[in-house]
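This report concerns only the one structure given below.
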Protein chains: 2
Amino acid sequence: MSQEQTVYTKLRSMLLNGEFEPEQRLTEKHICDILEVSRTPVRAALLRLEAQNLVVGQSNRGYTVRGIRVRDVWDANVVRAVLEGSAAGALARQGLSDETRDTLEQSLREYGELAENVELTDRFLTLHSSANWTFHETLVSATGNESLTRSIETLAYMPVQINRTVFASDRAYAVQTVRSGLAEHHGVVAAILSGDATAAEMLMRTHSQKALRGIEAVRDRQKLGPDYLDMPFTQFIGGVGTSVAAA
Amino acid sequence: MSQEQTVYTKLRSMLLNGEFEPEQRLTEKHICDILEVSRTPVRAALLRLEAQNLVVGQSNRGYTVRGIRVRDVWDANVVRAVLEGSAAGALARQGLSDETRDTLEQSLREYGELAENVELTDRFLTLHSSANWTFHETLVSATGNESLTRSIETLAYMPVQINRTVFASDRAYAVQTVRSGLAEHHGVVAAILSGDATAAEMLMRTHSQKALRGIEAVRDRQKLGPDYLDMPFTQFIGGVGTSVAAA
DNA sequence: CCTTCAGATTTTGTATACAATTTTTCCATG
DNA sequence: CATGGAAAAATTGTATACAAAATCTGAAGG
């Protein structure tokens, strides 16, 4: 793997794991020292991170760590839900290929098995996250709309999935969410297969918005005031579970 | 302005104006020779163009010009319509600030004056494009959702607006589109002000999808077959008007 | 004590040399 | 004539030196 790839990957995970202070200045030299490479790959990596909104760059003034607030995660999820909803609607209109239908049904089966006995082990959480991801990912890319796929991918680098964190701290919430998640997945697929675009879009959007319910759950659990949306996201989530399920 | 900015801007407009063959290889040296700079700013510009999907990069193998097909423009507009629709819905829910309402009403007045006598002059087309842009732009940024704003901006670098081209070639279409556009703008604002999120979203989405009708108009005008979506966009649009109104 | 501003320092922007990799050329071989 | 593959050329990846710009420092002046 090229140095630039390495730098990009490492910096991204450091940023997502909150290893820098929000708004902290990121000088090229500093990063060079940490990762022991020259400025060239660092500059390239920073440009890509800027395109993904993880760092903020100003000409002649370098970069700063983008401070991710709860509001940013909320907003990204709102957009993601809208886009995934429209993906479901589009699929209902254009129909599913046999291959996509197989993948989706496979994903439903996997998810179904998981829903039968919810654990709070790392293994389970990873499996759940993966099965869930497959479903969403398959559905979106099946539309064949590259702009749509890319738009959603861009959002995915912001922690759009906070369920892992909330699950780990609240068994009842986890069980309830996995069960209803399964039902919703089935509902979306049914709507798509029946060709009801409006229903498919609405069901999928509502389902994707479940991440917002997760945010609200964390808010309630921490008994936060009305301006919690302006909190740093790492601080918000930090008080609850173990770590952010990113990337 | 920095060299990198210059290179980025020039390359972008060259790409959007179809001055390179689709899929053509873009070597760094070639660009350096054309723009008379060293490789450093060129590499930076290429990274940013890649993030915007205008060039395609492969590690150790440089970049190629992304061939923009009609389908890509269509797809980008589908996504844009969905996002702008959701922006209108969000505004209906959260209400308009006085400032936003003023800007929107100002935009409606400007658009109204334009609609009263449609010309096919460059001046008119530019004014129309600008008034229209203001309306859409204001509406989206008023939501305060940065992810939403950025997602739409990313799409904007693909030629999402083809009206200028179609207008110039068909007066009846232009008059009809400007008139109905005005009515639609009013309808969206009314729905937002009345707090009807569903109506606002639907009206705005339908309105934004007018760009798709423009594509269909070009298709019909050129009497193209069913696989016109796979055509290079520059070729598709080239046979009709003057130039693509990009950036 | 605070403000101002010139000089020193740091940091980013650019060019370029060299290394690593890919692509092309072209000759030997079947 | 087609094919394989090694040598040559071209191209990208990386490091680094220097230029340009921003930031910091500290002393002078109010």
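We name chains A, B, ... by the order of the sequence lines, and we start the count at 1 in each one.
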Students often mix this up, so state it plainly: with edges at 30° and 60°, are the rings of B/Phe167 and B/His128 parallel, tilted or perpendicular?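 Geometry flag for B/His128 against B/Phe167: tilted rings.
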Do the ring planes of B/His185 and B/Tyr111 sit parallel (below 30°), tilted (30 to 60°) or perpendicular (above 60°)?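 Ring orientation of B/His185 relative to B/Tyr111: tilted.
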Nearest heavy-atom neighbours spanning [X] and [Y]:
| X | Y | answer |
| --- | --- | --- |
| A/Leu83 | B/Val79 | CD2-CG1, 3.8 Å |
| B/Leu15 | B/Val55 | CD1-CG1, 3.7 Å |
| A/Asp72 | A/Gly67 | OD2-O, 3.5 Å |
| A/Ser107 | A/Thr134 | CB-CG2, 4.5 Å |
| B/Glu84 | B/His136 | OE1-ND1, 2.7 Å |
| A/Ala211 | A/Arg80 | CB-NH2, 4.1 Å |

What pairs of nitrogen or oxygen atoms, one from the protein and one from nucleotides 5-8 of chain C, lie under 3.5 Å apart?
none

B/Thr143 (side chain) donor-acceptor with B/Leu139 (main chain) under 3.5 angstrom: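 It does not hold such a pair.
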What's the angle between the local helix axes at either end of the helix from C/dC1-D/dG30 to C/dG30-D/dC1, using five pairs per end and rounding to 10 degrees?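 One end axis against the other gives 10°.
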Using a cut-off of strictly less than 4.0 Å between a heavy atom of the residue and any atom of DNA chain D, enumerate the qualifying residues of residues 46-61 of chain A by number.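 Hits under 4.0 Å, by residue number: A/Asn60, A/Arg61.
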Can you tabulate the close N/O pairs, meaning under 3.5 Å, that link protein atoms to atoms of nucleotides 15-18 of chain D?
residue: D/dA15; atom: OP1; partner: A/Gln3; partner atom: NE2; Å: 3.1
residue: D/dA15; atom: OP2; partner: A/Ser38; partner atom: N; Å: 2.9
residue: D/dA15; atom: OP2; partner: A/Ser38; partner atom: OG; Å: 2.6
residue: D/dA15; atom: O5'; partner: A/Ser38; partner atom: OG; Å: 3.3
residue: D/dA15; atom: N7; partner: A/Thr40; partner atom: OG1; Å: 2.5

Starting at CZ of A/Arg25, measure out to CZ of A/Arg61 and round the result to the nearest 0.5 Å.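 Result: 9.0 Å between the selected atoms.
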Drop me the distance from A/Thr138's OG1 to A/Glu99's CD, to the nearest 0.5 angstrom.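 If I round to the nearest 0.5 Å, the distance is 9.5 Å.
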OP1, OP2 of C/dG13 versus side-chain N and O of A/Arg43: anything below 4.0 Å?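 For C/dG13, OP1 or OP2 has a side-chain N or O of A/Arg43 closer than 4.0 Å.
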Working note: B/Thr154 + A/Ser151, criterion side-chain contact (heavy atoms from CB on, under 4.5 Å); need CA distance, chi angles, decisive distance, verdict. CA-CA 8 Å; B/Thr154 301; A/Ser151 295; over 6 Å; no
Results of side-chain hydrogen bond (donor to acceptor under 3.5 Å, both in side chains) for B/Ser86 - residues two or more places apart only: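 For B/Ser86 there are no side-chain hydrogen bond (donor to acceptor under 3.5 Å, both in side chains) partners, ignoring immediate neighbours.
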Salt bridge B/Arg43-A/Glu4, side-chain N to carboxylate O under 4.0 Å: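 Result for this pair is no, no salt bridge flagged.
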Got a sec? Which of residues 21-34 of chain A come in under 4.0 Å of DNA chain C, heavy atoms?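 Of all residues in residues 21-34 of chain A, the ones placing a heavy atom under 4.0 Å from DNA chain C are A/Arg25, A/Leu26, A/Thr27, A/Glu28.
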Quick one: does A/Gln24's side chain get under 4.5 Å of A/Glu19's, heavy atoms only?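 Side chain of A/Gln24 against side chain of A/Glu19, heavy atoms only: no contact under 4.5 Å found.
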